[in-house]
Amino acid sequence: MSAPLRFDGRVVLVTGAGGGLGRAYALAFAERGASVVVNDLGGDFKGHGKSSLAADKVVEEIRAKGGKAVANYDSVEAGEKLVQTALDAFGRIDILINNAGILRDRSFTRISDEDWDIIHKVHLKGSFLVTRAAWNHMKNQKFGRIIMTSSGAGIYGNFGQANYSAAKLGLLGLANTLAVEGKKYNIHCNTIAPTAGSRLTQTIMPQDMLDAFKPEYVSPLVLWLCHESCQENSGLFEVGAGWIGKLRWERSLGAIVRQKNHPMTPEAVRNKWEKICDFDTANHPRTIQESVSMLNDVLSQIESQDVSPNPTSYSTSAFSTGFDPANAIGKKLPPITYEYTYLQPILYALGVGMSTKDPDHLKFLFEGNEEFCCLPSFGVIPAQASMFEGGLTNIPGLSFDFTKMLHGEQYLELYKPLPTSGKLTSEATVADILDKGSGAVILLDVHTYSGKDLVCYNQFSVFIVGAGGFGGKRSSEKSKVTVNPPNRPPDAVATDVTTVDQAALYRLTGDRNPLHIDPSFAALGGFKKPILHGLCSFGFAARHVLKHFANNDVTKFKAIKIRFAKPVVPGETLQTEMWKEGNRIYIQTKIKETGNIAIAGAYVDLTSTSDQPSAKQPSAKQPSAKGAGLQSDLVFQEIGRRIKEEGNQLVKKVNAIFQWNITKDEKTAVQWTIDLKNGSGELYQGPARGKADTIFTVSDEDFMDVVLGKINPQKAFMSGKLKVKGNIMLSQKLGTILQQYAKL
Ligand code: NAI
């Protein structure tokens with residue numbers, strides 16, 4: 001059994017302790033060793049008259065039991081005098097129970113000024129004055145415990161008690177601020193709303209209730225809250241009949257009703273009313289900082305809206321449209337330019353845990369290194385600007401709440417090593433929107449260009465909590481799917497400890513969401529501490545694979561797909577498990593300390609791997625890794641890989657051989673053959689070995705434009721950009737495959 005809670009050496013002042021609840025507190029504290037000041041004015045329950053009898057009786061009771069107590073007969077309105085009694089008798093004041101109270105119940109319009117004032121004087125001002133008198137003593141001794149006595153009438157309202165309710169809830173406000181100001185001096189202030197049979201309740205409670213709700217069922221909570229070992233501060237508790245419950249504020253997630261450059265209107269408020277009042281995804285702010293921190297985010301969300309000024313319009317249509325995917329799919333966001341020097345790739349490398357301790361990291365950390373280069377996973381950085389600044393929610397049909405957005409999955413594919421500095425332009429398109437019931441998934445495809453060259457492609461998969469149920473499809477052929485690792489022990493494991501400042505460092509690469517640095521903001525989202533950016537763990541995993549299977553050669557890194565399964569807290573250890581199957585490295589990242597899987601369903605595709613070069617060298621049937629150094633190489637390689645996986649089905653569906661002549665500077669630079677007629681199909685470099693059914697001739701650039709859907713094949717054909725020989729009808733089948741398979 002744990003030790004009993006004692007109050008030896010502590011001095012307790014209980015106001016209104018001549019009867020009811022106050023008496024029970026005084027007796028209980030004295031019984032456990034405290035010296036008690038029993039204060040009571042001794043008037044009637046309406047605040048008329050005075051007498052020393054009530055206080056004296058309780059003091060006698062305590063002394064009769066061997067306890068220490070003195071009486072004080074002042075009204076709480078004489079705050080200093082009450083505290084002085086404690087100092088005179090016992091030399092200090094440790095604990096203050098603001099309990100004294102009276103009633104002047106009247107229906108609202110019958111409340112006189114006097115009824116109002118006396119209630120406020122005894123309850124609110126009295127508690128203020130006694131507490132103020134005790135405060136500096138508590139502060140100097142770095143210990144104090146204060147109880148404020150509120151009431152259910154204040155919390156919920158009660159007929160005939162407007163004056164009393166106002167004063168009682170005023171006490172909660174007072175307590176909340178004292179809790180904040182006293183915290184650093186170990187002064188804790190909590191509030192109770194008791195229910196007990198007493199003089200105050202005898203006119204409203206039947207006798208059996210008066211007997212059942214004993215004040216002794218309230219005092220144990222008061223004693224615990226006032227013990228030096230109790231760290232509770234700023235709490236509000238309902239207590240009675242042997243039951244105790246804690247109350248807290250609940251706030252709906254709410255809704256942004258203002259649009260940049262537009263007046264905020266009551267109509268917009270009306271249109272969002274349901275959402276404003278929806279507690280399904282509510283949170284529980286505990287401090288004023290937690291409460292207001294989200295407002296900064298609201299401001300930046302409004303600021304980042306890309307809407308043209310229209311101050312005269314009072315239209316609310318932008319907000320009343322809500323979530324309407326049909327309207328949003330295929331919509332493009334305005335292009336975003338990302339300009340950077342060598343500093344950003346270096347900062348990124350540090351952000352994902354690279355260190356000069358590892359000599360082969362130097363080429364990512366030092367711009368003067370001969371092989372200075374960019375980590376491939378840096379490719380998410382220019383693209384993510386589309387997410388943050390691209391005004392996703394301004395797309396008609398995508399009016400959702402940013403605070404409900406979770407980053408679910410990420411796919412990144414590189415077409416060439418990322419420049420170490422320069423200007424990249426990202427173009428984002430809403431590829432698809434899925435209905436997952438509990439939420440919606442938005443697939444945002446972002447293509448990033450250096451000049452005209454496509455450098456990389458990202459697919460952001462974001463989950464919008466609560467936006468599902470619109471009757472949409474559950475999956476999409478446009479989605480880059482996750483895959484499970486093989487069912488055997490991993491071929492390699494890389495372990496890296498993140499630092500406690502990992503997120504503080506990583507956020508400097510662009511994702512400034514306060515969730516990753518501000519404890520109050522993180523608490524709002526339900527996290528105990530700020531969490532690491534999912535894309536930071538993604539960067540760790542990507543570089544683990546790059547090192548283990550590509551010897552840190554960035555030209556070998558082709559693509560990565562991951563699902564964010566669990567958040568990581570900065571300081572935790574990331575353990576990346578890797579399985580090699582051909583050029584695909586399956587990965588899974590665990591948090592070593594908890595065993596939780598942070599990254600799941602993940603893989604990295606390399607163009608070739610460094611550990612088993614001979615066995616896995618490209619055969620005659622496979623395109624060489626380097627191809628002809630054209631943008632289209634990677635598309636063909638991807639097609640080749642898909643044919644290896646699904647060739648049988650394709651041969652059945654298509655039954656044709658296609659030859660591609662890809663030109664550069666008007667000369668054929670490379671030929672590819674897609675054979676979907678023989679065996680289980682294959683892709684190879686060079687002209688068709690048998691007779692090609694269709695031969696296409698197109699420049700590398702125009703090929704990419706077709707694949708990316710920038711020009712449709714018919715247009716390319718009509719304008720002479722795409723030349724077709726042989727069976728033109730068959731090319732339609734190929735077109736579908738190309739676009740589906742290249743997924744660009
Ligand atoms: P009570 O009437 O038995 O005790 C209140 C005591 O305060 C009395 O002994 C009274 O003489 C004393 N007092 C009144 N004015 C004073 C003043 N100006 N200076 C010093 N002492 C003064 O009532 P009870 O029920 O024990 O109430 C204690 C506290 O609990 C009150 O603040 C009351 O508002 C609160 N409360 C009680 C509830 C209940 O169910 N009993 C419900 C909600 C709140």
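Note that ligands are numbered from 1 as they come in the structure, with each ligand's atoms numbered from 1 the same way. Heavy atoms only: backbone and side chains are in, while hydrogens, waters and symmetry mates are out. Keep in mind the model is a prediction, meaning the values are calculated, not measured.
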*Are E61 and R23 close enough, and set up right, to give a salt bridge (Lys or Arg N to Asp or Glu O under 4.0 Å), and what steps lead you there?*
CA-CA 10 Å; E61 261 187 277; R23 173 181 164 272; 2.9 Å; yes

*Heavy-atom contacts with N39 under 4.0 Å: which atoms of ligand 1 show up? List them by number with element.*
20 (C), 21 (N)

*Classify the contact between A54 and ligand 1 as side chain, backbone, both or neither, using a heavy-atom distance cut-off of under 4.0 Å.*
neither

_Candidate pair L225 and I192, rule side chain to side chain contact (heavy atoms under 4.5 Å, CB included), full reasoning_ = CA-CA 10 Å; L225 289 172; I192 61 163; 4.1 Å; yes

*Could you tell me whether the side chains of T131 and N98 share a donor-acceptor contact shorter than 3.5 Å?*
yes

*Can you list the ligand 1 atoms lying under 4.0 Å from a non-hydrogen atom of G42?*
11 (O)

*asked:* Less than 3.5 Å apart, any donor N or O on the side chain of D94 or Q141 sitting next to an acceptor on the other?
replied: yes

*Identify the protein heavy atom lying closest to atom 22 (C) of ligand 1, giving its residue, its atom name and the separation to 0.1 Å.*
A100 CB, 3.5 Å

*Where ligand 1 meets Y164 - atom numbers and elements under 4.0 angstrom, heavy-atom basis*: 33 (C), 34 (O), 35 (C), 36 (N), 43 (C), 44 (C)

*Closest candidate by heavy atom, reference atom 14 (C) of ligand 1, pool G101, G16, A24*: G101

*Considering heavy atoms of the protein only, find what lies nearest to atom 21 (N) of ligand 1 and give residue, atom and distance to 0.1 Å.*
L41 N, 3.3 Å

*Considering only protein heavy atoms, which is closest to atom 42 (C) of ligand 1, and at what distance to one decimal place?*
P194 O, 3.0 Å

*So, N513 and D511: side-chain donor and acceptor under 3.5 Å apart, yes or no?*
no

*asked:* Take a 6.0 Å sphere around CZ of F279 and say whether it holds more than 12 heavy atoms from other residues, nucleotides or ligands.
replied: yes

*Can you tell which part of I102 has a heavy atom less than 4.0 Å from ligand 1: side chain, backbone, both or neither?*
side chain

_Shortest protein heavy-atom distance from atom 25 (O) of ligand 1, along with the residue and atom involved_ = S198 OG, 2.4 Å

*Please state whether A196 comes within less than 4.0 angstrom of ligand 1, counting heavy atoms only.*
yes

*asked:* Just checking L299: does its CG atom have more than 12 heavy atoms from other residues, nucleotides or ligands closer to it than 6.0 angstrom?
replied: yes

*Measure the distance from atom 19 (N) of ligand 1 to every protein heavy atom, then report the residue, atom name and distance (to 0.1 Å) of the closest one.*
V76 N, 3.1 Å

*asked:* A quick test of your reading: do over 12 heavy atoms of other residues, nucleotides or ligands sit less than 6.0 Å from CZ of R286?
replied: no

_Residue part near ligand 1, for F45, under 4.0 Å between non-hydrogen atoms_ = neither

*Ligand-side contact atoms (ligand 1) for residue partner T195, heavy atom cut-off under 4.0 Å*: 40 (O)

*Please verify whether a non-hydrogen atom of K121 lies at under 4.0 Å from ligand 1.*
no

*ligand 1 contact on L21 by region, counting heavy-atom pairs under 4.0 Å*: both

*Look at atom 33 (C) of ligand 1 and say which protein heavy atom is nearest, naming residue and atom and giving the distance to 0.1 Å.*
L200 CD1, 3.4 Å

*Mind checking whether L103 contacts ligand 1 via backbone (N, CA, C, O), side chain (CB onward), both or neither, at a 4.0 Å heavy-atom cut-off?*
neither

*asked:* So for G126, does at least one of its heavy atoms come nearer than 4.0 angstrom to any atom of ligand 1?
replied: no

*Show which atoms of ligand 1 fall inside a sub-4.0 Å distance from at least one heavy-atom site of S151.*
43 (C), 44 (C)

*Side chain, backbone, both or neither: which part of T201 has a heavy atom under 4.0 Å from ligand 1?*
side chain

*Aromatic ring pairing F7/F29, orientation class (parallel under 30°, perpendicular over 60°, tilted between)*: perpendicular

*Within 45° of the ring axis of F143 and under 6.0 Å from its six-membered ring centre, is that where the NZ or CZ of R10 lies?*
yes

*Write out the residue and atom name of the closest protein heavy atom to atom 9 (O) of ligand 1, then the distance separating them to 0.1 Å.*
D40 OD2, 2.6 Å

*Tell me which protein heavy atom sits closest to atom 18 (N) of ligand 1, plus the residue, atom name and distance to 0.1 Å.*
S75 OG, 3.1 Å

*Can you check salt bridge (Lys or Arg N to Asp or Glu O under 4.0 Å) on E238 and K246, steps first, answer last?*
CA-CA 6 Å; E238 281 186 62; K246 183 170 178 175; over 6 Å; no

*Does a side chain donor of either D56 or Y73 reach within less than 3.5 Å of an acceptor in the other side chain?*
yes

*Look at ligand 1 and say whether S150 reaches it with a heavy atom at a distance under 4.0 Å.*
yes

*Identify which of N99, I155, T149 has a heavy atom lying nearest to atom 28 (C) of ligand 1.*
N99

For residues 166-186, which side-chain donor-acceptor pairs fall under 3.5 Å, sequence neighbours excluded?
from: K168; atom 1: NZ; to: H123; atom 2: ND1; distance (Å): 2.9
from: K168; atom 1: NZ; to: T149; atom 2: O; distance (Å): 2.8
from: N176; atom 1: ND2; to: L172; atom 2: O; distance (Å): 3.4
from: N186; atom 1: OD1; to: R145; atom 2: NH1; distance (Å): 3.3
from: N186; atom 1: ND2; to: K142; atom 2: O; distance (Å): 3.3

*For K566, does the NZ atom have more than 12 heavy-atom neighbours from other residues, nucleotides or ligands under 6.0 Å away?*
no

_Is it the case that atom CD in E250 sees more than 12 heavy atoms from other parts of the structure closer than 6.0 Å?_
yes

*Looking only at heavy atoms of R23, does any of them come nearer than 4.0 Å to an atom of ligand 1?*
no

*Check each atom of ligand 1 against the heavy atoms of G20 and keep those under 4.0 Å away; list them by number with element.*
3 (O), 26 (O)

*Hey, is CG on D8 packed in by over 12 heavy atoms from elsewhere, all under 6.0 Å?*
yes

